[in-house]
Undergrad: 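Before anything else, here's the structure in question.
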Amino acid sequence: MSRFLDAAGTSAAPHTTPGRCDLVALSSALLLPLDVACVLFSGCLSVWIYIVWFEPAGLAVGAWSSYEWTALVTGAVLAAVSLYDEKFGTRAILRHRASLARRYGFGFMIFASTALVVAFASRALDRLPAEWVVLWFGTSLLSTSLIRLVLARLIRSLERRGVLTEVIAVVGAGPLADRLIRHLRQTRGNRIKILGVFDDAPAGSGKGFRRARGSVADLIALGTTRPVDWIVLTLPCTVEAPLDSLVHRLKVLSAPIGLCPQNFGLTHPSHTIDYLGDGVPVTLLADRPIRRRSAVIKRIEDVALGALIALILLPVLVLIAVAIRIDSAGPVIFRQRRHTFNNREFEIYKFRTMRWTSAGATANLKQTARDDIRITRLGRLLRASSLDELPQLFNVLEGDMSLVGPRPHAVNMRTENQLGGDITTTYAHRHRVKPGMTGWSQVNGSRGATETADQLRRRVALDLRYVDNWSLQLDLKILAMTIPEVFRRTNAY
(Lines give C-alpha, C1' and ligand atoms only; values in the text may rest on other atoms or scores of the structure.)
Protein backbone atom coordinates (compact mmCIF):
# COMPACT_ATOMS: atom_id res chain seq x y z
CA MET A 1 0.00 0.00 0.00
CA SER A 2 1.26 3.50 -0.74
CA ARG A 3 2.68 5.61 2.04
CA PHE A 4 0.34 8.09 3.72
CA LEU A 5 0.62 10.87 6.29
CA ASP A 6 -0.66 9.90 9.67
CA ALA A 7 -3.04 12.06 11.65
CA ALA A 8 -0.19 14.07 13.16
CA GLY A 9 1.18 14.93 9.73
CA THR A 10 4.31 12.80 9.84
CA SER A 11 5.38 10.16 7.37
CA ALA A 12 3.93 6.78 8.23
CA ALA A 13 4.43 3.43 6.54
CA PRO A 14 1.44 1.12 6.22
CA HIS A 15 1.06 -1.47 8.95
CA THR A 16 -1.53 -4.02 9.90
CA THR A 17 -3.30 -5.41 12.90
CA PRO A 18 -1.49 -8.11 14.90
CA GLY A 19 -2.29 -11.71 14.03
CA ARG A 20 -3.29 -10.95 10.43
CA CYS A 21 -0.99 -9.21 7.99
CA ASP A 22 1.74 -9.05 10.61
CA LEU A 23 2.32 -12.69 9.69
CA VAL A 24 4.23 -11.37 6.69
CA ALA A 25 6.65 -9.49 8.94
CA LEU A 26 6.68 -12.39 11.41
CA SER A 27 7.87 -14.76 8.68
CA SER A 28 11.00 -12.63 8.25
CA ALA A 29 11.65 -12.67 12.00
CA LEU A 30 11.19 -16.46 12.08
CA LEU A 31 14.12 -16.86 9.71
CA LEU A 32 16.61 -16.08 12.52
CA PRO A 33 15.77 -19.01 14.85
CA LEU A 34 14.99 -21.32 11.92
CA ASP A 35 18.38 -20.67 10.31
CA VAL A 36 20.16 -21.29 13.63
CA ALA A 37 18.28 -24.57 14.03
CA CYS A 38 18.97 -25.60 10.42
CA VAL A 39 22.71 -24.95 10.64
CA LEU A 40 23.01 -26.76 14.01
CA PHE A 41 21.04 -29.72 12.64
CA SER A 42 23.17 -29.68 9.48
CA GLY A 43 26.33 -29.80 11.60
CA CYS A 44 25.15 -32.89 13.46
CA LEU A 45 23.84 -34.52 10.27
CA SER A 46 27.11 -33.90 8.47
CA VAL A 47 29.02 -35.61 11.31
CA TRP A 48 26.82 -38.70 10.91
CA ILE A 49 27.32 -38.67 7.12
CA TYR A 50 31.07 -38.20 7.62
CA ILE A 51 31.25 -41.17 10.00
CA VAL A 52 29.30 -43.42 7.61
CA TRP A 53 31.30 -42.43 4.55
CA PHE A 54 34.83 -42.07 5.89
CA GLU A 55 34.70 -44.26 9.06
CA PRO A 56 37.12 -42.14 11.12
CA ALA A 57 38.32 -43.62 14.38
CA GLY A 58 36.82 -42.25 17.57
CA LEU A 59 34.62 -39.56 16.03
CA ALA A 60 31.00 -39.22 17.15
CA VAL A 61 28.68 -36.34 17.87
CA GLY A 62 28.59 -37.13 21.55
CA ALA A 63 32.38 -37.27 21.68
CA TRP A 64 32.78 -33.69 20.49
CA SER A 65 34.68 -31.39 22.79
CA SER A 66 33.47 -27.93 23.78
CA TYR A 67 35.76 -26.53 21.07
CA GLU A 68 33.84 -28.23 18.22
CA TRP A 69 30.47 -27.31 19.72
CA THR A 70 31.58 -23.67 20.10
CA ALA A 71 32.66 -23.59 16.46
CA LEU A 72 29.31 -25.05 15.36
CA VAL A 73 27.20 -22.63 17.44
CA THR A 74 29.30 -19.67 16.29
CA GLY A 75 28.79 -20.74 12.69
CA ALA A 76 25.03 -21.09 13.23
CA VAL A 77 24.75 -17.57 14.65
CA LEU A 78 26.90 -16.18 11.84
CA ALA A 79 24.69 -17.91 9.26
CA ALA A 80 21.50 -16.50 10.80
CA VAL A 81 22.88 -12.95 10.70
CA SER A 82 24.23 -13.27 7.15
CA LEU A 83 21.08 -14.88 5.74
CA TYR A 84 18.55 -12.62 7.48
CA ASP A 85 16.19 -10.92 5.03
CA GLU A 86 13.84 -8.40 6.62
CA LYS A 87 11.81 -8.19 3.39
CA PHE A 88 11.46 -11.95 2.93
CA GLY A 89 7.74 -11.98 3.69
CA THR A 90 7.01 -9.08 1.36
CA ARG A 91 9.05 -10.60 -1.48
CA ALA A 92 7.36 -13.96 -0.95
CA ILE A 93 3.83 -12.57 -1.05
CA LEU A 94 4.68 -10.54 -4.17
CA ARG A 95 6.27 -13.64 -5.76
CA HIS A 96 9.60 -11.91 -6.37
CA ARG A 97 11.42 -15.23 -6.79
CA ALA A 98 14.49 -13.79 -8.50
CA SER A 99 14.93 -11.19 -5.76
CA LEU A 100 14.56 -13.86 -3.06
CA ALA A 101 17.13 -16.09 -4.75
CA ARG A 102 19.63 -13.23 -5.21
CA ARG A 103 19.32 -12.11 -1.57
CA TYR A 104 19.68 -15.68 -0.29
CA GLY A 105 22.62 -16.49 -2.57
CA PHE A 106 24.45 -13.32 -1.60
CA GLY A 107 23.82 -13.97 2.11
CA PHE A 108 25.09 -17.54 1.92
CA MET A 109 28.26 -16.40 0.14
CA ILE A 110 28.85 -13.88 2.94
CA PHE A 111 28.29 -16.58 5.57
CA ALA A 112 30.58 -19.16 3.92
CA SER A 113 33.41 -16.72 3.17
CA THR A 114 33.28 -15.12 6.64
CA ALA A 115 33.19 -18.52 8.36
CA LEU A 116 36.20 -19.73 6.39
CA VAL A 117 38.18 -16.55 7.10
CA VAL A 118 37.44 -16.76 10.84
CA ALA A 119 38.25 -20.49 10.92
CA PHE A 120 41.51 -19.94 9.07
CA ALA A 121 42.54 -17.00 11.29
CA SER A 122 41.73 -18.94 14.50
CA ARG A 123 43.39 -22.12 13.15
CA ALA A 124 40.10 -23.98 13.66
CA LEU A 125 40.59 -25.65 10.27
CA ASP A 126 43.56 -27.50 11.73
CA ARG A 127 41.27 -29.35 14.15
CA LEU A 128 38.20 -29.87 11.93
CA PRO A 129 38.21 -32.41 9.05
CA ALA A 130 37.99 -30.68 5.68
CA GLU A 131 35.46 -33.26 4.46
CA TRP A 132 33.15 -32.46 7.37
CA VAL A 133 33.41 -28.71 6.69
CA VAL A 134 32.36 -29.27 3.07
CA LEU A 135 29.48 -31.54 4.16
CA TRP A 136 28.38 -28.95 6.74
CA PHE A 137 28.26 -26.14 4.16
CA GLY A 138 26.40 -28.38 1.71
CA THR A 139 23.75 -29.57 4.15
CA SER A 140 23.36 -26.04 5.54
CA LEU A 141 22.77 -24.72 2.03
CA LEU A 142 20.15 -27.39 1.41
CA SER A 143 18.31 -27.04 4.73
CA THR A 144 18.19 -23.21 4.83
CA SER A 145 17.00 -23.02 1.22
CA LEU A 146 14.32 -25.65 1.85
CA ILE A 147 13.03 -23.81 4.93
CA ARG A 148 12.66 -20.66 2.80
CA LEU A 149 10.80 -22.55 0.11
CA VAL A 150 8.38 -23.99 2.65
CA LEU A 151 7.86 -20.63 4.38
CA ALA A 152 7.26 -18.82 1.07
CA ARG A 153 4.70 -21.45 0.03
CA LEU A 154 2.97 -21.12 3.41
CA ILE A 155 2.71 -17.34 3.02
CA ARG A 156 1.25 -17.65 -0.47
CA SER A 157 -1.22 -20.29 0.76
CA LEU A 158 -2.39 -17.97 3.55
CA GLU A 159 -2.77 -15.20 1.01
CA ARG A 160 -4.95 -17.34 -1.27
CA ARG A 161 -7.16 -18.20 1.70
CA GLY A 162 -7.58 -14.51 2.53
CA VAL A 163 -5.75 -14.63 5.86
CA LEU A 164 -3.29 -11.95 4.74
CA THR A 165 -5.88 -9.67 3.16
CA GLU A 166 -5.79 -6.04 4.35
CA VAL A 167 -9.17 -4.55 5.19
CA ILE A 168 -9.26 -0.84 4.36
CA ALA A 169 -11.97 1.67 5.21
CA VAL A 170 -12.03 4.95 3.25
CA VAL A 171 -13.51 8.05 4.87
CA GLY A 172 -14.60 10.74 2.44
CA ALA A 173 -16.45 10.24 -0.86
CA GLY A 174 -15.14 12.02 -3.94
CA PRO A 175 -12.62 11.86 -6.77
CA LEU A 176 -9.69 11.28 -4.41
CA ALA A 177 -11.40 8.23 -2.89
CA ASP A 178 -12.10 6.89 -6.38
CA ARG A 179 -8.45 7.29 -7.44
CA LEU A 180 -7.18 5.67 -4.24
CA ILE A 181 -9.49 2.64 -4.51
CA ARG A 182 -8.72 2.20 -8.20
CA HIS A 183 -4.97 2.34 -7.49
CA LEU A 184 -5.18 -0.16 -4.62
CA ARG A 185 -7.17 -2.65 -6.65
CA GLN A 186 -4.84 -2.38 -9.62
CA THR A 187 -1.62 -2.74 -7.62
CA ARG A 188 -2.67 -4.94 -4.70
CA GLY A 189 -5.22 -7.25 -6.33
CA ASN A 190 -6.65 -9.83 -3.95
CA ARG A 191 -4.37 -8.69 -1.10
CA ILE A 192 -6.82 -5.94 -0.09
CA LYS A 193 -10.49 -5.70 0.73
CA ILE A 194 -12.20 -2.32 0.61
CA LEU A 195 -14.62 -2.27 3.52
CA GLY A 196 -16.36 0.69 1.95
CA VAL A 197 -16.43 4.48 1.65
CA PHE A 198 -17.89 6.29 4.65
CA ASP A 199 -18.95 9.95 4.65
CA ASP A 200 -21.11 12.19 6.83
CA ALA A 201 -22.08 14.33 3.81
CA PRO A 202 -25.77 14.27 2.87
CA ALA A 203 -26.80 11.53 0.46
CA GLY A 204 -26.47 12.55 -3.16
CA SER A 205 -23.80 15.20 -2.54
CA GLY A 206 -21.18 12.88 -4.04
CA LYS A 207 -22.98 12.48 -7.33
CA GLY A 208 -20.75 11.01 -9.99
CA PHE A 209 -18.41 9.42 -7.44
CA ARG A 210 -18.40 6.16 -5.50
CA ARG A 211 -21.49 5.95 -3.25
CA ALA A 212 -20.81 5.99 0.48
CA ARG A 213 -21.65 2.81 2.39
CA GLY A 214 -22.58 4.79 5.46
CA SER A 215 -21.56 7.52 7.86
CA VAL A 216 -18.52 7.71 10.14
CA ALA A 217 -20.75 6.44 12.97
CA ASP A 218 -21.58 3.40 10.83
CA LEU A 219 -17.86 2.74 10.35
CA ILE A 220 -17.25 2.93 14.11
CA ALA A 221 -20.09 0.50 14.76
CA LEU A 222 -18.86 -1.85 12.03
CA GLY A 223 -15.29 -1.67 13.37
CA THR A 224 -16.38 -3.09 16.71
CA THR A 225 -17.62 -6.29 15.07
CA ARG A 226 -14.89 -6.95 12.46
CA PRO A 227 -11.20 -6.13 12.08
CA VAL A 228 -10.05 -3.04 10.16
CA ASP A 229 -6.39 -2.80 9.12
CA TRP A 230 -6.39 0.80 7.83
CA ILE A 231 -8.61 3.87 7.95
CA VAL A 232 -7.66 6.26 5.16
CA LEU A 233 -9.00 9.82 5.10
CA THR A 234 -9.63 11.19 1.61
CA LEU A 235 -10.82 14.58 2.83
CA PRO A 236 -9.39 18.10 2.38
CA CYS A 237 -6.98 18.93 5.20
CA THR A 238 -7.37 22.72 4.88
CA VAL A 239 -9.61 23.03 7.93
CA GLU A 240 -7.80 21.82 11.02
CA ALA A 241 -10.62 21.62 13.58
CA PRO A 242 -12.98 19.24 11.66
CA LEU A 243 -10.04 16.98 10.78
CA ASP A 244 -8.93 16.81 14.43
CA SER A 245 -12.49 16.09 15.49
CA LEU A 246 -12.80 13.30 12.93
CA VAL A 247 -9.54 11.69 14.03
CA HIS A 248 -10.63 11.96 17.66
CA ARG A 249 -13.85 10.07 16.85
CA LEU A 250 -12.09 7.35 14.84
CA LYS A 251 -9.47 6.70 17.54
CA VAL A 252 -11.97 4.48 19.34
CA LEU A 253 -11.08 1.85 16.74
CA SER A 254 -7.75 0.05 17.07
CA ALA A 255 -6.56 0.85 13.55
CA PRO A 256 -4.00 3.25 12.08
CA ILE A 257 -5.48 6.40 10.54
CA GLY A 258 -3.82 7.80 7.43
CA LEU A 259 -4.35 11.01 5.47
CA CYS A 260 -4.15 10.47 1.71
CA PRO A 261 -2.40 13.32 -0.19
CA GLN A 262 -4.85 15.41 -2.22
CA ASN A 263 -2.99 14.84 -5.49
CA PHE A 264 -2.66 11.09 -5.07
CA GLY A 265 -3.11 9.18 -8.32
CA LEU A 266 -2.20 12.13 -10.52
CA THR A 267 0.94 12.22 -12.67
CA HIS A 268 3.10 13.60 -9.84
CA PRO A 269 5.08 11.53 -7.28
CA SER A 270 2.71 12.67 -4.56
CA HIS A 271 3.75 9.91 -2.16
CA THR A 272 7.20 11.42 -1.69
CA ILE A 273 7.79 13.52 1.41
CA ASP A 274 10.76 15.87 1.67
CA TYR A 275 11.83 18.57 4.10
CA LEU A 276 12.94 22.15 3.66
CA GLY A 277 14.31 24.77 6.04
CA ASP A 278 14.08 23.61 9.64
CA GLY A 279 12.37 20.31 8.87
CA VAL A 280 9.20 21.67 7.23
CA PRO A 281 7.53 18.67 5.50
CA VAL A 282 6.43 19.15 1.89
CA THR A 283 4.85 16.85 -0.67
CA LEU A 284 7.38 16.50 -3.46
CA LEU A 285 5.68 16.93 -6.85
CA ALA A 286 8.84 16.91 -8.97
CA ASP A 287 12.40 16.14 -7.97
CA ARG A 288 15.80 16.79 -9.49
CA PRO A 289 16.49 13.52 -11.37
CA ILE A 290 20.16 13.30 -10.35
CA ARG A 291 20.83 14.95 -7.03
CA ARG A 292 23.41 15.21 -4.26
CA ARG A 293 25.68 12.16 -4.09
CA SER A 294 24.39 10.78 -7.40
CA ALA A 295 25.38 13.99 -9.20
CA VAL A 296 28.89 13.71 -7.78
CA ILE A 297 29.13 10.06 -8.85
CA LYS A 298 28.00 10.90 -12.39
CA ARG A 299 30.51 13.75 -12.65
CA ILE A 300 33.33 11.46 -11.47
CA GLU A 301 32.20 8.94 -14.08
CA ASP A 302 32.30 11.62 -16.81
CA VAL A 303 35.72 13.01 -15.86
CA ALA A 304 37.43 9.67 -15.21
CA LEU A 305 36.08 7.75 -18.21
CA GLY A 306 36.03 10.82 -20.48
CA ALA A 307 39.68 11.63 -19.80
CA LEU A 308 40.70 7.99 -20.23
CA ILE A 309 38.84 7.61 -23.54
CA ALA A 310 40.19 10.94 -24.84
CA LEU A 311 43.75 9.90 -23.96
CA ILE A 312 43.37 6.52 -25.67
CA LEU A 313 41.81 8.02 -28.80
CA LEU A 314 44.14 11.02 -29.06
CA PRO A 315 46.06 9.56 -32.06
CA VAL A 316 42.74 8.90 -33.83
CA LEU A 317 41.60 12.48 -33.17
CA VAL A 318 44.82 13.85 -34.66
CA LEU A 319 44.56 11.64 -37.78
CA ILE A 320 40.94 12.66 -38.38
CA ALA A 321 41.81 16.34 -37.98
CA VAL A 322 44.61 16.04 -40.58
CA ALA A 323 42.32 14.12 -42.97
CA ILE A 324 39.61 16.80 -42.73
CA ARG A 325 42.14 19.54 -43.44
CA ILE A 326 43.34 17.68 -46.57
CA ASP A 327 39.84 16.70 -47.78
CA SER A 328 38.16 20.14 -47.90
CA ALA A 329 38.63 23.79 -47.00
CA GLY A 330 37.37 25.12 -43.69
CA PRO A 331 37.88 24.59 -39.98
CA VAL A 332 38.43 21.10 -38.55
CA ILE A 333 35.97 21.58 -35.67
CA PHE A 334 32.33 22.50 -36.26
CA ARG A 335 30.63 24.42 -33.44
CA GLN A 336 26.90 24.72 -33.00
CA ARG A 337 24.55 26.09 -30.33
CA ARG A 338 22.61 23.34 -28.59
CA HIS A 339 20.49 22.93 -25.48
CA THR A 340 22.01 21.67 -22.25
CA PHE A 341 21.07 21.32 -18.57
CA ASN A 342 18.27 23.64 -17.34
CA ASN A 343 17.44 24.62 -20.93
CA ARG A 344 20.66 26.65 -21.21
CA GLU A 345 22.68 26.76 -24.43
CA PHE A 346 26.26 25.72 -25.11
CA GLU A 347 28.57 25.22 -28.07
CA ILE A 348 28.93 21.59 -29.06
CA TYR A 349 32.13 20.36 -30.76
CA LYS A 350 32.06 18.02 -33.76
CA PHE A 351 34.42 17.17 -36.55
CA ARG A 352 33.25 19.10 -39.61
CA THR A 353 31.51 16.77 -42.07
CA MET A 354 29.92 19.33 -44.42
CA ARG A 355 31.21 21.82 -46.92
CA TRP A 356 32.12 24.99 -45.12
CA THR A 357 30.15 28.24 -45.48
CA SER A 358 30.79 31.33 -43.42
CA ALA A 359 27.09 32.10 -43.04
CA GLY A 360 25.43 30.84 -39.88
CA ALA A 361 22.69 28.27 -40.17
CA THR A 362 21.05 28.15 -36.76
CA ALA A 363 17.83 29.94 -37.77
CA ASN A 364 15.25 27.53 -39.22
CA LEU A 365 17.92 24.83 -39.04
CA LYS A 366 17.54 22.06 -41.60
CA GLN A 367 18.33 18.57 -40.31
CA THR A 368 20.77 16.41 -42.21
CA ALA A 369 18.95 14.17 -44.70
CA ARG A 370 19.96 10.90 -46.35
CA ASP A 371 22.23 11.60 -49.38
CA ASP A 372 22.54 15.24 -48.26
CA ILE A 373 24.63 17.08 -50.90
CA ARG A 374 26.23 19.25 -48.17
CA ILE A 375 28.18 16.29 -46.72
CA THR A 376 31.78 15.77 -47.87
CA ARG A 377 33.19 12.39 -48.93
CA LEU A 378 35.16 12.03 -45.69
CA GLY A 379 32.17 13.39 -43.78
CA ARG A 380 29.99 10.45 -44.86
CA LEU A 381 32.47 8.01 -43.38
CA LEU A 382 32.80 10.02 -40.15
CA ARG A 383 29.02 10.35 -39.71
CA ALA A 384 28.30 6.68 -40.49
CA SER A 385 30.86 5.57 -37.88
CA SER A 386 29.96 8.37 -35.39
CA LEU A 387 33.63 9.41 -35.34
CA ASP A 388 32.51 13.00 -35.94
CA GLU A 389 31.14 13.00 -32.37
CA LEU A 390 34.50 12.31 -30.68
CA PRO A 391 35.38 16.00 -29.99
CA GLN A 392 32.39 16.04 -27.62
CA LEU A 393 34.68 14.31 -25.14
CA PHE A 394 36.02 17.81 -24.48
CA ASN A 395 32.45 19.07 -23.93
CA VAL A 396 32.18 16.32 -21.32
CA LEU A 397 35.41 17.35 -19.60
CA GLU A 398 34.30 21.01 -19.65
CA GLY A 399 31.06 20.02 -17.89
CA ASP A 400 28.53 20.96 -20.59
CA MET A 401 27.79 17.32 -21.45
CA SER A 402 27.91 13.83 -19.97
CA LEU A 403 29.04 10.60 -21.55
CA VAL A 404 25.46 9.34 -21.23
CA GLY A 405 22.30 11.40 -21.49
CA PRO A 406 19.70 12.64 -23.98
CA ARG A 407 21.36 13.67 -27.23
CA PRO A 408 21.47 17.51 -27.47
CA HIS A 409 19.37 18.93 -30.29
CA ALA A 410 20.28 22.10 -32.13
CA VAL A 411 18.61 25.30 -30.96
CA ASN A 412 15.50 26.02 -33.09
CA MET A 413 15.71 22.61 -34.76
CA ARG A 414 12.48 21.76 -36.56
CA THR A 415 10.74 18.48 -37.32
CA GLU A 416 8.00 18.60 -39.95
CA ASN A 417 8.47 22.38 -39.82
CA GLN A 418 7.60 22.46 -36.09
CA LEU A 419 9.72 23.11 -33.01
CA GLY A 420 10.11 20.20 -30.61
CA GLY A 421 8.09 21.94 -27.90
CA ASP A 422 5.17 22.33 -30.30
CA ILE A 423 5.15 18.60 -31.08
CA THR A 424 5.30 17.34 -27.49
CA THR A 425 4.88 19.34 -24.30
CA THR A 426 7.49 17.20 -22.50
CA TYR A 427 10.24 18.05 -25.00
CA ALA A 428 12.04 20.45 -22.63
CA HIS A 429 11.98 17.86 -19.82
CA ARG A 430 14.96 16.23 -21.57
CA HIS A 431 17.01 19.19 -20.34
CA ARG A 432 16.60 18.28 -16.66
CA VAL A 433 19.91 16.43 -16.98
CA LYS A 434 23.03 17.14 -19.02
CA PRO A 435 22.96 15.95 -22.62
CA GLY A 436 25.10 12.97 -23.52
CA MET A 437 27.31 11.62 -26.28
CA THR A 438 25.09 8.53 -26.26
CA GLY A 439 21.80 7.77 -24.58
CA TRP A 440 19.00 5.32 -23.95
CA SER A 441 17.17 6.37 -27.10
CA GLN A 442 20.28 5.87 -29.27
CA VAL A 443 20.77 2.27 -28.13
CA ASN A 444 17.06 1.52 -28.58
CA GLY A 445 16.76 2.29 -32.28
CA SER A 446 16.23 6.06 -32.10
CA ARG A 447 19.57 7.17 -33.44
CA GLY A 448 20.14 9.88 -36.03
CA ALA A 449 17.75 12.49 -37.42
CA THR A 450 14.10 12.75 -36.35
CA GLU A 451 12.31 13.22 -39.65
CA THR A 452 8.75 12.81 -38.38
CA ALA A 453 6.81 13.97 -35.33
CA ASP A 454 6.28 10.34 -34.24
CA GLN A 455 10.03 9.73 -34.29
CA LEU A 456 10.57 12.78 -32.11
CA ARG A 457 7.88 11.71 -29.64
CA ARG A 458 9.43 8.26 -29.36
CA ARG A 459 12.89 9.71 -28.76
CA VAL A 460 11.58 12.08 -26.08
CA ALA A 461 9.73 9.19 -24.37
CA LEU A 462 12.92 7.09 -24.30
CA ASP A 463 14.98 10.04 -23.06
CA LEU A 464 12.54 10.72 -20.22
CA ARG A 465 12.63 7.06 -19.25
CA TYR A 466 16.37 7.46 -18.76
CA VAL A 467 15.94 10.75 -16.87
CA ASP A 468 13.45 9.18 -14.45
CA ASN A 469 15.45 5.98 -13.87
CA TRP A 470 19.09 7.11 -13.83
CA SER A 471 21.66 4.95 -12.13
CA LEU A 472 25.38 4.35 -12.54
CA GLN A 473 24.62 0.78 -13.62
CA LEU A 474 22.28 2.10 -16.34
CA ASP A 475 25.00 4.47 -17.61
CA LEU A 476 27.53 1.63 -17.85
CA LYS A 477 24.95 -0.56 -19.58
CA ILE A 478 24.26 2.14 -22.19
CA LEU A 479 27.99 2.65 -22.80
CA ALA A 480 28.40 -1.08 -23.38
CA MET A 481 25.36 -1.19 -25.71
CA THR A 482 26.68 1.79 -27.70
CA ILE A 483 29.69 -0.10 -29.09
CA PRO A 484 27.74 -2.68 -31.18
CA GLU A 485 25.17 0.00 -32.08
CA VAL A 486 27.91 2.13 -33.67
CA PHE A 487 29.09 -0.79 -35.81
CA ARG A 488 25.52 -1.46 -36.96
CA ARG A 489 25.35 2.13 -38.30
CA THR A 490 21.58 2.18 -37.72
CA ASN A 491 20.02 5.36 -39.18
CA ALA A 492 23.47 7.02 -39.30
CA TYR A 493 24.14 9.24 -42.32
Side-chain angles (χ1 to χ4, degrees), residues 266-268 285-286 288-290 334-376 379-380 382-384 386 388-389 392 395 400-402 404-470 478 482 485 488-493:
L266 301 179
T267 56
H268 311 294
L285 300 181
R288 182 181 292 120
I290 306 174
F334 170 70
R335 300 168 185 252
Q336 188 180 62
R337 301 297 296 177
R338 298 205 178 184
H339 285 296
T340 183
F341 180 63
N342 269 348
N343 223 29
R344 292 186 289 107
E345 296 179 10
F346 77 109
E347 275 195 342
I348 195 172
Y349 306 140
K350 298 181 69 174
F351 281 126
R352 181 176 57 83
T353 58
M354 292 187 176
R355 293 179 177 85
W356 173 251
T357 58
S358 57
T362 54
N364 297 322
L365 187 69
K366 179 183 177 182
Q367 291 194 70
T368 307
R370 196 176 298 273
D371 301 321
D372 199 314
I373 60 173
R374 298 173 296 171
I375 303 176
T376 64
R380 293 193 186 282
L382 295 178
R383 296 177 73 92
S386 295
D388 62 319
E389 311 284 358
Q392 290 163 34
N395 286 121
D400 291 322
M401 291 181 64
S402 287
V404 181
R407 283 295 297 159
H409 292 170
V411 177
N412 296 325
M413 187 196 76
R414 293 177 180 270
T415 302
E416 294 185 350
N417 205 30
Q418 298 181 78
L419 294 172
D422 296 332
I423 294 175
T424 171
T425 57
T426 57
Y427 178 79
H429 294 184
R430 305 168 70 251
H431 307 145
R432 297 178 67 210
V433 298
K434 289 181 182 179
M437 294 183 65
T438 183
W440 186 242
S441 58
Q442 280 65 47
V443 299
N444 281 277
S446 189
R447 179 184 174 200
T450 52
E451 299 171 337
T452 67
D454 287 340
Q455 287 178 334
L456 181 65
R457 292 190 189 98
R458 182 176 186 273
R459 176 173 293 188
V460 171
L462 289 169
D463 287 338
L464 296 185
R465 192 175 303 171
Y466 167 81
V467 170
D468 294 335
N469 297 280
W470 178 87
I478 292 173
T482 298
E485 186 66 28
R488 276 194 290 267
R489 301 186 177 186
T490 308
N491 200 28
Y493 47 83

Undergrad: Can you tell me how far apart CD1 (I478) and CH2 (W470) are? Round to the nearest 0.5 Å.
TA: 11.0 Å
Undergrad: Check the pair E451, T415 against side chain to side chain contact (heavy atoms under 4.5 Å, CB included), reporting the backbone distance first and the verdict last.
TA: CA-CA 6 Å; E451 299 171 337; T415 302; over 6 Å; no
Undergrad: Minimum heavy-atom separation for L456 and G420, please, with both atom names.
TA: CD2-CA, 3.7 Å
Undergrad: Any side-chain heavy atom of R432 within less than 4.5 Å of one from D468?
TA: yes
Undergrad: Check salt bridge (charged side-chain N to carboxylate O under 4.0 Å, His left out) between R407 and all other residues, then give those that pass, not counting sequence neighbours.
TA: E389
Undergrad: Among side-chain atoms of R459 and T450, is any donor-acceptor pair under 3.5 angstrom?
TA: no
Undergrad: If you take all heavy atoms of V433 and V467, which pair is closest and at what distance?
TA: CG2-CG2, 3.8 Å
Undergrad: Could you list the donor-acceptor pairs under 3.5 angstrom formed between side-chain atoms of residues 435-443 and any protein atom two or more places apart in sequence or on another chain?
TA:
residue : atom : partner : partner atom : Å
T438    : OG1  : T482    : OG1          : 2.8
S441    : OG   : D463    : OD1          : 3.0
Q442    : OE1  : G439    : N            : 3.2

Undergrad: Ignoring hydrogens and angles, tell me if any N or O in the side chain of R338 forms a donor-acceptor pair with the backbone of I348 under 3.5 Å.
TA: no
Undergrad: Would you check, one step at a time, whether the test side chain to side chain contact (heavy atoms under 4.5 Å, CB included) holds for R458 with T452?
TA: CA-CA 10 Å; R458 182 176 186 273; T452 67; over 6 Å; no
Undergrad: Measure across K434 and P406 and return the closest heavy-atom pair with its distance rounded to 0.1 Å.
TA: O-CD, 3.8 Å
Undergrad: Listed by chain and number, what are the side-chain contact (heavy atoms from CB on, under 4.5 Å) partners of T426, not counting sequence neighbours?
TA: T424, H429, V460, L464
Undergrad: What is the minimum heavy-atom distance between F346 and H339, and which atoms define it?
TA: CE2-O, 3.5 Å
Undergrad: Is the terminal nitrogen or CZ of R430 (NZ for Lys, CZ for Arg) located under 6.0 angstrom from the six-membered ring centre of Y427 and within 45° of that ring's axis?
TA: yes
Undergrad: I'd like to know if the side chain of N395 reaches the main chain of E347, judged simply by a donor and an acceptor atom lying under 3.5 Å from each other, with no hydrogens or angles considered.
TA: yes
Undergrad: Testing the basics here: between R352 and R355, what is the closest heavy-atom pair and its distance to 0.1 Å?
TA: NH1-CA, 4.4 Å
Undergrad: How far apart are the closest heavy atoms of H431 and T340, and which atoms are they?
TA: CB-O, 3.5 Å
Undergrad: Would you give the length of the straight line joining atom CE of M354 to atom CG of D388, rounded to the nearest 0.5 angstrom?
TA: 9.5 Å
